[in-house]
Structures are given as structure tokens and as C-alpha cells.
Amino acid sequence: MEKIPALELKNISKKFGSKYANKGIDLKVYKGEILSILGENGSGKTTMLNMISGIYFPDEGQIYINGDAVTIASPNDAFRYRIGMIHQHFKLVDVFTATENIILGTEDEGKYDLKKYSKKVKEIADAYGFEIDPDKKIYEMSVSEKQTVEIIKVLYRGADILMLDEPTAVLTPQETRKLFDVLRRMKADGKAIIIITHKLHEVLDVSDKVAVLRKGAYIGTVNTPETNESQLTEMMVGQKVVLNIDRDDPVDPKDRLIVAHLNCFNHEGTKVLDDVTFTAKSGEILGIAGIAGSGQRELLETIAGLQPMVTGGVQYIDPATGKVEFLRDKTPQEIREMGIRLSFVPEDRLGMGLVGNMGTTDNMLLRSYLKGKGVFLQKEESRNLAEKVIRELDVVTPDAEFPVRRLSGGNVQKVLVGREIAAAPTVFMAAYPVRGLDINSSYVIYHLLNEQKKNGAAVIFVGEDLDVLLALSDRIVVIGSGTVTGIVDARTTTKEEVGLLMTKEVRKNA
Amino acid sequence: MHKEPLFHIVKRPAIEWYKSWAIRVLAVILALILAGIVTLALTGLNPLKVYATMVDGAVGTTRRCWALAQKTAMLLCIALALTPAFRMRFWNTGAEGQVLAGGMAAAAVMLKCGDLVPNWLLFILMFLSAIVAGAIWGVIPAFFKAKWGTNETLFTLMMNYIAIQIVGFFVLEWSVPKGSGQIGIINQNSQAGWIPPLFGQAYLINIILVALITVFVYVYIRYTKHGYEIDVVGESERTARYIGIDVKKVIIRTMILSGAICGITGFLLVAGSDHTITKDTAGGNGFTAIMVCWLAKFNPVWMILTSLLICFLQKGAGEIATMFQLNLSFADIITGIIIFFIVGSEFFINYRIIWRKKEKEDRK
């Protein structure tokens, strides 16, 4: 008799607006098995887990638990079917102890006896080899301890199917090894485990099977012992897609921005950029590739003068005079006062690049409101610029005073990019400038980047779609876990090469 | 299949101005009807008569009109002080204390220097000391917020109680006669430091000054670089930093302004109407002004209307309480119902309700 899968998805699809986040997903996971889900950013991994755990409801398809067709309409339903999800961002009450968090929301006959619960938590922990103090408060815990609490929480509720969304992203290599030991013990205990991770070597290390998603679609499942890194990379990134993006050869490239041995720390003191060195040249597009969260945001923000805790250097070479200026420790205001036209299109358009409740005119004013003498604003110039951007980039808006928050994603981005190129920048940085944009708006943005390149700006383009990066950039800097893992010529490299560099484990950290 | 809910709440796109006003007027009419029913049920009085008394109490005589104008001006002045802070999303709940600080400083100068300096100089000293005192009271929480991210709502609120106790201390210390617990009218005979009547109207200078402040605040937030910075910081601190605005500086500068205007209100209360200082000089207006400010959506011009509305209701409600020998709580019930409906009408201006059946028809 054929074994019945603990969890099976048949032809599951989910649409957000008109776009498919998941399309026709088929998936099986058996008891006593670890299944890895692999895919680039935005390939729909988290969406899929959210449907299994009842946060989203699928538009099409059917979910089976132990062979029975089920409807999971809420996290409560998922709990009933013994499905437990460990989210990427922990959902714990900081001032409660581990035990209090674990029993939170469970119903139990009898009186509230913390000691009894504590004991039960301890038993679960011992059974699987977790190290935990049940009476420790969450705010005193390290990230890995918090994760342990999350895992015990779902085990306490009797979960047989565990899903972990990028559990290793926040762990050190040692902690990761411990987690994997625990997962193996749970597997031996007959649990079905689904794990999302970006790191290929971890996939090969821990899982029995790997399912690959690409751009929301299900590509296939392979048995881990029968596969290798390059096959998985190919499944993940797919065949080269021919894009019709123009790419001229750089004209007279000269060093414009030299980033040398840059280190950056977040406010917890963790290194997020580690010895980053590269040079951006005038008249070329420098692509930056990497898994999301590898330090791209910090890198651009450091150059723009927005990251405080930095060591190393950023030098700017003035195209007119050849003078070298040092940008580190300068605020955006000071950089502007030095006469450096550095434009930056941040990833978070409405939260950082623009003010959502203001109209196009007032958003144009952001870069120029200090211009002019006296205490009063001079709006005339911004109004003209707004009209010009709306006209030239075909921004669809009722008028220049309409809040940009209520425009569509593509139009929001046109307003932002339009403002940033208006200053005739010598360095132009854009983080994920086409994320969430439809194909036409994306091409408008590619065209604008190319135009900046033609105008002699050093363009730094952080992208996530490797096809686009390869077609648009002149050179590509690949970063992984905050370090540069390679700098390649975009004209000669392949997707596989970049993909491997992205997931390459840099040993010097461990 | 999940059941379709009875109704959906949908955000409206832009609404025509006449529609939004129709909703507001409808809300007031509904409020008056409900308040009428409540009046009838609780007191057995004719609601129309009660409303007539309200109007009479607020604007029935010339003297009442002037008193209403003065009360409105003071409330408006505090609301104007809150405006820059609120637009920056800095919830200054300490206007009460900032007004008292300003009033206390003005009263101290009035009391101690009244006989020493000429009257014109006395005014300048009172005015400046009130501004400085108010600004200090406003800037302390701002400094802590900018430096260490403390919660400004609690901080400014606590500062109120300190201000009240400081006033209480000096009122005891300087009480006339000693030990009576009140300062009494300051400079009763010389009237030094009293804002003089203009065209025979005691409050006219107060009202003119507040009108000037209204224009100033309106221009400041709408047309100056500072005002623009305040809006950007209020909407998104990250955007402000991205663009190079010094967020800490803006927070501190704005609260100096906010506190200073509160200080001016304190000066106007002491020099222009009360001629004394007590713990109740601000009279809770520091809190009422928060409502005035929100109701007007932080727009100084609308604030003239909202502060007038609230003072009208307060004055009118007070009148019914005395005329019909009801207690003040009944007046508060009527005021509460009316304000509730007006605030509630904003929901129906921003959102639309789609009933289940109607939506199906829409689909056809």
C-alpha cells in the first residue's frame, strides 16, 4: 500500500490583485521527513506556508491532511489539524517567560498552575534536546533562544506538521547545527517538517527532499541525495530569459565612487557589512546582486550618509575637478552642501523616499525646499518640476497635489525616480527600483537608468531579478551575508555563476 | 462557504465638499433630535425651549457675545499652540502646564515689578517672561524625546502637575492677606500690567492678538520651510532623515514654539482677563484644545469654528443648568451627544457602508 502524505497540496494558487503569488503548487510531505522549499525572493514560498497555516485562503486547489480534503480558513483550523508554523519574525510577548508564552492561548481544564506547565515545557525540551530555561523572560533571551520558544510553542500544541520560515537566517553556524540536530530528532519522532532556507548547503545538509519554486510557480521536487548545488541553482533561477533591454558600452568610464574596506554595524552591534570593497565608474551601471537582506540596503544607506556606525571609507571623485572627497560620516545635508549630486532611490518608496500624504509637488520639494533665501518656501520650481515629471514619465494622477500614497506602485516609483534624476546626478543609486511594478513601468525605469548612464552618472542598481541584472548591468557585484563574494562582468557571466556566488558560504565569518 | 457579512466598510475616494457638509449638517440635526429625546425623557422639559435657552445663554446679550468671544479666543490660542506640535505627531498634552507656566511668570512680574517700572516696560517684561516660561515648559519633554526617545504624551502630561503645584506654592507664598491661599486681584488700584480696554471693550486687544497669532500659525505651517519640515517629520521620520532634515532639531524647535504660544495664552489670561493667577487659570482648556485641534484636522482656520462651537456649547449648557435648575452634568450630557455626532460624522465622510443586498445589485 502506498504511504499517505501527512500534508499534500494539489494545484494550489493564490492571486494578489491580478498577479499570481502562487500558481499550481503541488507538494507532498510525509511523516518522518524534512522537506526544504527553495526559491528566490518573491518566488512565493512564504505565501504558500501562510496558506497552509490559515493566514491566507487559497483561490484554487485543495489541501489534504493525512489523505482527507480539508479547509483551513484560520490559524485555529491549522492548529486543529496539528499544523504549526514558526514565523520568520517571532510573535512573542517580551515581558512574559518562556512558559507563559508557550501556554498563551491554549485552553486547559483545571487551575492555572505555572509550575505544572513549566514541567511540561521542560519535558518537551528534553525529549528533543532543546536547551531552555522555562522561567526566563523573553527580553532576556538571545535570538536563538526565542526561536526555541517558538518551536516548543507549536510542539506544546501538539503539532505534527512543522513549518519553519527561514529559521537559520538569524542564527550563527553553531546555532544552526544545533537546530538541525533538533529537527533530525523531531523527524525521527515521526513529525513532518517543512523548512524554507536560502542557503544551498543547508538544504543539502538537513533535508530529505527539496521542492523548488520560481516566480510563484512550482518547478519540481527532487530527492536530496540525488541532487547537487548546480542543479538546484538552475532550477531556482531558471533558463536565461531574453529581455529586450538596451545596453550600450560604457563611454569613457572613470572611477567615480570608491568603496574601500567598508564595515557597518546595526544598532545591536552586529556586523551587517563586512570589508566591502568595490569601485563604481562613471558611465556604467554597476549591478548589485544578492539574497535579500545580505547588506544591500545598508550599503546604499552608508553611501548616502544614513548609517551611523561605519568603518572603512567611501571616496567620491569629482568629475569636473578630479578632487577626491571623503563621504564617510557626512550627513545627506553635508553631502549636498559639498556640491555632490548623489541621488538615491530607496527600497521603501513611501516610507523613506517620499511622503505618502503629500502630493507630487510637495514631494519634489523634499530635495529643494531649502533653496532660496528667507524663511518662506518657494514652491514655483517644484510645481514646474512636478508637472514636467508627470508629463514626461506619464504619471497617472488626477493632479500634482493628489497624495502620492494613493497612486499605483508604478506611478509612485516614477515620481520618486523623476525627482532623483532631476538633480542631474553624478552618482545614481536605486534599490529594487522595479519591485512590484508591471512590465511597462519596469521598462520605463530601465530606460531611465540607461539614460543616467549615458549622461555619465555612476549608476548603482540593486536588483533581485537576475535576468534583469544580467541584461542591464555592465558589471555585477555579488554580495552574500554582508561581504563581496565576487565581482563579475555582466556580459560574460551566467545566471548560474551569479546564483552560486549569492549562496556561497563565506568561511571567514564562522 | 463563508457567509457574506451584513455590510462592508469601504474607504471613499475624494468626496465633494457639499456632500461632506451635508453629512455634517445631518449629524448635527440627528444630534439635536437625540438630545431632545434625552431631555424629554430625563427632565420632561420641552427640548425646543431648552435649545432656545442655550442660544440665549451663549449669545443672548452683547455682554454674553463678548464673553463668548474671549473664551473662544483663549481656547483657540491654545489650540493654535498645539497645532505645530500635532502636525509633527508630537502629542503635546501639556498645554495646561505650559499655559500655567506662562501665566505664573506674567503674574510674578506683574506682582513684583508693578510699582518699579513704567507700564509699557511692564507689559514687555510680562510678555517675554511668559513666552520664556511656556517655552521652557514645552522644550523639556521635547529635549528628552529627541535625545532618548521618551514618550512625549506622558511626559508633557506629568509636566502639567508640576506646573499646577508650582502655581499652588506661589499662590500660598504670595497670598494676600498672608495665609488666605489666594493672591487676589493684582495691582487692583494702579491697574499696572492690565491690558486696557479698546473702544470700551475689555477683551478686544486679547481677541486681536489671538487673531494675529492665528494668521501667524497658518502662514508658519503652510508657507515656511520650518512648516514643511514639521510636516515631513510628522509624516515619516525616515523620510526626514533620508532627505537630511535634523529631526531632533525640528522636534526641539517646534516645541519651543508650541510652549511659547501657550505662554502667550497664559499672559493674555493673566493680564487680559483674570488679573490674578490660580491653579485653575488654564481651566482645563489645555485639554479641551486637543479636541479643538483634532476636530479641525490641525487646520488653524477650521479651529476658529471648532473652538467657537465648543465654547458656544459650554456657555449654552451652563445657561440651561442655571435656568432650569438642573445640575451641570445634564448640560454635559447634551454637549457630549452633540460632539459625539460631529466627530462621528467624520467617519461617514471618509468611509462608505455597503450593505449586503446592495452590493449584489452593484454586481449586476
Side-chain angles (χ1 to χ4, degrees), chain A residues 57 71 73-74 297 300-301 304-308 330-337 342-359 361-379 382 398-399 401-406 416 419-420 431, chain B residues 1-5 10-17 84 86-89 146-149 215-250 253-254 256-257 294 297-299 349-352:
Chain A
F57 194 76
T71 310
S74 73
R297 185 171 61 84
L300 296 200
E301 289 186 2
L306 297 168
Q307 285 280 344
K330 297 274 191 301
T331 66
Q333 192 65 47
E334 286 165 341
I335 292 173
R336 217 175 318 157
E337 276 161 13
L342 184 137
S343 289
F344 176 25
V345 176
E347 180 182 346
D348 185 359
R349 292 158 204 163
L350 286 172
M352 187 168 193
L354 299 167
V355 177
N357 280 328
M358 290 184 176
T361 302
D362 282 355
N363 270 299
M364 294 299 150
L365 208 52
L366 275 173
R367 280 283 184 215
S368 57
Y369 78 96
L370 282 174
K371 272 189 199 159
K373 283 206 183 88
V375 295
F376 290 103
L377 289 171
Q378 324 252 304
K379 274 203 179 181
S382 295
D399 57 62
E401 310 308 324
F402 190 75
V404 293
R405 180 173 51 87
R406 290 165 68 177
L416 175 54
R419 185 191 71 208
E420 291 302 296
Chain B
M1 277 308 288
H2 74 274
K3 227 176 114 193
E4 199 184 323
V10 185
K11 202 160 168 76
R12 283 180 197 267
I15 184 169
E16 293 90 344
W17 65 270
F86 279 13
R87 286 184 79 101
M88 195 176 65
R89 301 284 188 276
K147 202 87 181 163
W148 294 292
V215 174
F216 167 77
V217 171
Y218 183 77
V219 170
Y220 183 77
I221 60 170
R222 288 288 283 264
Y223 298 110
T224 68
K225 293 171 182 175
H226 284 187
Y228 182 74
E229 286 181 339
I230 287 172
D231 281 352
V232 174
V233 171
E235 290 286 345
S236 161
E237 274 191 34
R238 286 184 67 210
T239 306
R241 267 196 290 274
Y242 157 81
I243 221 69
I245 293 174
D246 187 343
V247 175
K248 290 176 183 169
K249 194 175 107 188
V250 173
R253 186 182 69 204
T254 306
I256 289 178
L257 178 71
W294 268 96
K297 294 182 189 134
F298 315 137
N299 180 329
I349 290 169
N350 288 321
Y351 297 92
R352 209 152 55 98

With a 4.5 Å limit on heavy-atom distance, are the side chains of [X] and [Y] in contact?
X: Asp246(B); Y: Gln333(A); value: no
X: Tyr228(B); Y: Lys379(A); value: no
X: Val375(A); Y: Tyr220(B); value: no

Heavy-atom contact with chain B under 4.5 Å, split by part of [X]:
X: Ile335(A); value: neither
X: Phe57(A); value: neither
X: Lys330(A); value: neither

Minimum heavy-atom distance Tyr369(A)-Lys225(B), with the two atoms named
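Minimum heavy-atom separation between Tyr369(A) and Lys225(B): O-CE, 3.4 Å.
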
What are the two closest non-hydrogen atoms of Gly351(A) and Ser236(B), and how far apart are they?
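So the minimum-distance heavy-atom pair works out to O-OG, 2.9 Å.
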
If only atom types and distance count, is the side chain of Arg336(A) paired as donor or acceptor with the main-chain N or O of Ile243(B) below 3.5 Å?
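A pair under 3.5 Å: yes.
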
Which distance, rounded to the nearest 0.5 Å, do you find between the CD of Glu301(A) and the CZ of Arg238(B)?
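Output value for this atom pair is 6.5 Å.
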
May I ask you to name which of Gly305(A), Gly353(A), Ala304(A) has the most heavy-atom pairs under 4.5 Å with chain B?
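Looking at each of Gly305(A), Gly353(A), Ala304(A) in turn, Gly353(A) comes out on top.
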
Most heavy-atom pairs under 4.5 angstrom with chain B, which of Asn357(A), Leu365(A), Val355(A), Leu306(A)?
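Option with the top pair count is Leu365(A).
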
Given Leu354(A), Leu350(A), Leu366(A), Asp348(A), the one that forms side-chain contact (heavy atoms from CB on, under 4.5 Å) with Thr239(B):
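Testing Thr239(B) for a side-chain contact (heavy atoms from CB on, under 4.5 Å) against Leu354(A), Leu350(A), Leu366(A), Asp348(A) leaves exactly one candidate, Leu366(A).
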
